[in-house]
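Note on naming: letters A, B, ... go to the chains in the order of the sequence lines (proteins, then strands), and numbering restarts at 1 for each one. Only this structure's heavy atoms are used, side chains among them; waters, hydrogens and symmetry mates stay out.
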2 protein chains.
Amino acid sequence: MTTNARLATPVMAAPVMVPDHRHLGACAHCDARPHSVCNAVPAVDMARLAAASTTGIAQPGTCFVEEGAKADAFFNITAGTARLFKLLPDGRRQIMGFAGVGHFIGLAVSSTFTFSAEAIDHVHYCRFSRPRLRALLDDFPAMEQKLLEVTSSELVAAQEQMLLLGRKTARERLASFLIAESRHNAGCHLPRRQFALPMTRGDIADYLGLTIETVSRTLTRLRHEGLIEIPSAGDVVILDRDGLERLAEGLT
Amino acid sequence: MTTNARLATPVMAAPVMVPDHRHLGACAHCDARPHSVCNAVPAVDMARLAAASTTGIAQPGTCFVEEGAKADAFFNITAGTARLFKLLPDGRRQIMGFAGVGHFIGLAVSSTFTFSAEAIDHVHYCRFSRPRLRALLDDFPAMEQKLLEVTSSELVAAQEQMLLLGRKTARERLASFLIAESRHNAGCHLPRRQFALPMTRGDIADYLGLTIETVSRTLTRLRHEGLIEIPSAGDVVILDRDGLERLAEGLT
DNA sequence: CGAGCAATTGAGACAAGTCAAAGCTGGTGG
DNA sequence: CCACCAGCTTTGACTTGTCTCAATTGCTCG
């Protein structure tokens, strides 16, 4: 039995709500716009978009979406990073992913959220009530199309993670994770040789279906094998990308 | 290392293609229609729908979608069941799910399929070429909306499976699986007490991230504990639904 | 400088995997 | 109609990768 007693009991956020009606052009300068479904709305209709949403900030460690709660709104992250996770009653946690700038959360057919979202650092978000989002989607089919694309991509990523969780060894999981992180946020650039891991070992463990100890041990082993370097706990350098990629695919 | 040497090397199907242009009303009588995204197309436009697709049959054990192949078409299953899976180079297999009547396959943003689909029994399907589907979706926004709903639901299911694969024990996985199967195909009825498992132990194992032996042993254990009965390898009776559900959620 | 938390490392336990040997079952052909 | 084969399933004995428990180290911040 894998009981993670270390779980932080999720604290519900007391969000700072800022109605955006004063600055109808807010969306036009949004940092998230280029990475978000919002860019499916033409520039002319920015005011319409801004009017449909309110913004808020979730403090580090607070949940702004809770599994099981009424799914009455959708969130678009404009700054910061959140962990998305599900819990078992005894505290075992599975992290579904990390949501960064531009990530859309809460697209549920069901009436309740199926996972929780907790701010890692200060998370800024836009909040769309369900009826308002529905109205937007009806008016801008391009946005619905974009949303379908994004959701499909997430499904593909989820299936890749299912392969990882169901069939890969601890070494392979870490290799896959590091390769993915090295590409993450690299934008149109090449995957990076060095990069930061903003999450804790506990987060990595709960994302990869392992324990903290196994994550730590496995990273040390990859280091001893000369595949990576770890300047500090939060930073990684990839020394042998080919080797790491082969490992991630299950070869050797 | 979890090497599944038992893998059947996927055989590419030699599909029986039947252009449907002679019977423009085919879609109106389709068994899959009530369960499929196609029902978003109004009855008046059935001919349009039928013209956009061709039908085919995949023989048991053949793949009609192959991971890595060009994703030039979408499939809608009208009869039979297929397993959707990903493979690692050494043969380890993870089944993403079982696709039955009405299931839509191949909605990829990427240009290649990200998993394979193999017929378990005789699978009848409708095939839509990519451009034709795009045209349909543009003409019938309701279909795109329906597709988004379906994709969202699949994402929710995939995340539930990630929790199972990452954090549940073998007993909990089997309990979750049996509960899910008992609801499956029950339609609007109550979950069934007795039901068939159309897939092999190997399929169940590869779906739950376990081995055949563990699946078998765990089922016998659940039987000895009085939670289930197994009249034959392909049939299950749930004796203690509450107990099984509690187990599936990780309690006890 | 020391409290508090995250990360590492070690030793031993255990759940699930591996290897191997029987049972079952359903289909085929003599 | 039955013997036989082939594939699936079950069961047993043993191995092992990962988890658990526990101690230590390292880092950050008041």
Side-chain angles (χ1 to χ4, degrees), chain A residues 1-8 60-61 88 90-94 120-121 164-175 196-206 208-224 228-236 247 250, chain B residues 1-8 60-61 83 88 90-94 120-121 164-175 196-224 228-236 247 250:
Chain A
M1 179 71 80
T2 315
T3 306
N4 282 331
R6 90 192 100 81
L7 83 151
L88 288 172
D90 63 2
R92 280 175 283 172
R93 184 177 69 161
Q94 178 64 42
I120 293 181
D121 46 17
L164 180 147
L165 293 170
R167 289 301 179 210
K168 289 186 184 176
T169 65
R171 286 184 81 215
E172 291 162 356
R173 293 182 200 199
L174 261 305
L197 295 178
M199 64 292 284
T200 66
R201 294 286 187 270
D203 285 339
I204 298 174
D206 285 350
L208 300 180
L210 301 169
T211 59
I212 294 179
E213 296 92 328
T214 299
V215 168
S216 180
R217 268 188 263 270
T218 305
L219 285 175
T220 315
R221 186 171 159 203
L222 293 176
R223 182 160 57 76
H224 286 152
I228 59 172
E229 198 50 66
I230 307 180
S232 77
D235 291 281
V236 181
L247 188 51
Chain B
M1 179 71 79
T2 317
T3 305
N4 281 331
R6 90 190 101 79
L7 83 150
R83 41 179 164 255
L88 288 172
D90 63 1
R92 279 176 284 173
R93 183 177 70 161
Q94 178 64 42
I120 293 182
D121 45 17
L164 179 147
L165 293 170
R167 289 302 179 211
K168 290 187 183 176
T169 65
R171 286 183 82 217
E172 291 163 356
R173 294 181 198 198
L174 261 305
L197 296 178
M199 65 291 285
T200 67
R201 295 286 185 269
D203 285 339
I204 299 174
D206 285 349
Y207 182 52
L208 300 179
L210 301 168
T211 58
I212 293 180
E213 295 92 327
T214 299
V215 169
S216 181
R217 269 189 262 270
T218 306
L219 284 176
T220 42
R221 184 168 161 208
L222 293 177
R223 181 160 57 78
H224 287 150
I228 60 172
E229 198 50 66
I230 308 181
S232 77
D235 291 282
V236 181
L247 188 51

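- Annotation: the span from A:Leu208 atom CG to A:Lys168 atom NZ amounts to 10.0 Å, rounded to 0.5 Å.
- Whole-Å rounding puts the B:Arg221 CZ to D:dT11 P distance at 14 Å.
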Walk me through it: do B:Leu219 and B:Arg201 pass the test side chain to side chain contact (heavy atoms under 4.5 Å, CB included)? CA-CA 10 Å; B:Leu219 284 176; B:Arg201 295 286 185 269; 3.6 Å; yes
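- One finds a side-chain N or O of A:Thr220 lying less than 4.0 angstrom from the OP1 or OP2 phosphate oxygen of C:dT9.
- Among the atoms of the strands shown, only primed sugar atoms or phosphate atoms (P, OP1, OP2) are found under 4.0 Å from some heavy atom of B:Gly209.
- Summarising the geometry, the separation between CD1 on A:Ile204 and C1' on C:dT8 is reported as 14 Å, rounded to the nearest angstrom.
- Considering all non-hydrogen atoms of both residues, A:Ala196 and A:Pro198 come closest at O-CD, 3.4 Å.
- A close approach under 4.0 Å does not occur between any side-chain nitrogen or oxygen of A:Thr211 and OP1 or OP2 of D:dT18.
- Atoms CG (A:Leu165) and C1' (D:dT18) sit 15 Å apart, rounded to a whole Å.
- Per the geometry, NZ belonging to A:Lys168 stands 18 Å off P belonging to C:dG17, to the nearest Å.
- Looking at every heavy atom in both residues, B:Gln94 comes nearest to B:Leu165 through NE2-CD1, 3.9 Å.
- Side-chain atoms of B:Arg201 lie closest to D:dT9 of the nucleotides D:dT18, D:dT9, C:dT8.
- B:Ser216 comes within contact range of at least one nucleobase, with a heavy-atom separation under 4.0 Å.
- Here the side chain of B:Leu210 is nearest to one of D:dT11, C:dA16, D:dT9, namely C:dA16.
- You'll find that the side chain of B:Thr214 is closest to C:dG17, out of D:dT20, C:dT8, C:dG17.
- Spacing between atom CD1 of B:Ile212 and atom C1' of C:dT18 amounts to 12 Å, rounded to whole angstrom units.
- If you take CD1 on B:Ile230 and CG on B:Asp235, they are separated by 10.0 Å, rounding to the nearest 0.5 Å.
- The CD1-P distance, from B:Ile230 to D:dC8, rounds to 18 Å in whole Å.
- Counting to the nearest Å, the C1' atom of D:dG12 and the CZ atom of B:Arg217 are 7 Å from each other.
- Here the P atom of nucleotide D:dT15 and the CD atom of B:Glu213 are 16 Å apart, to the nearest Å.
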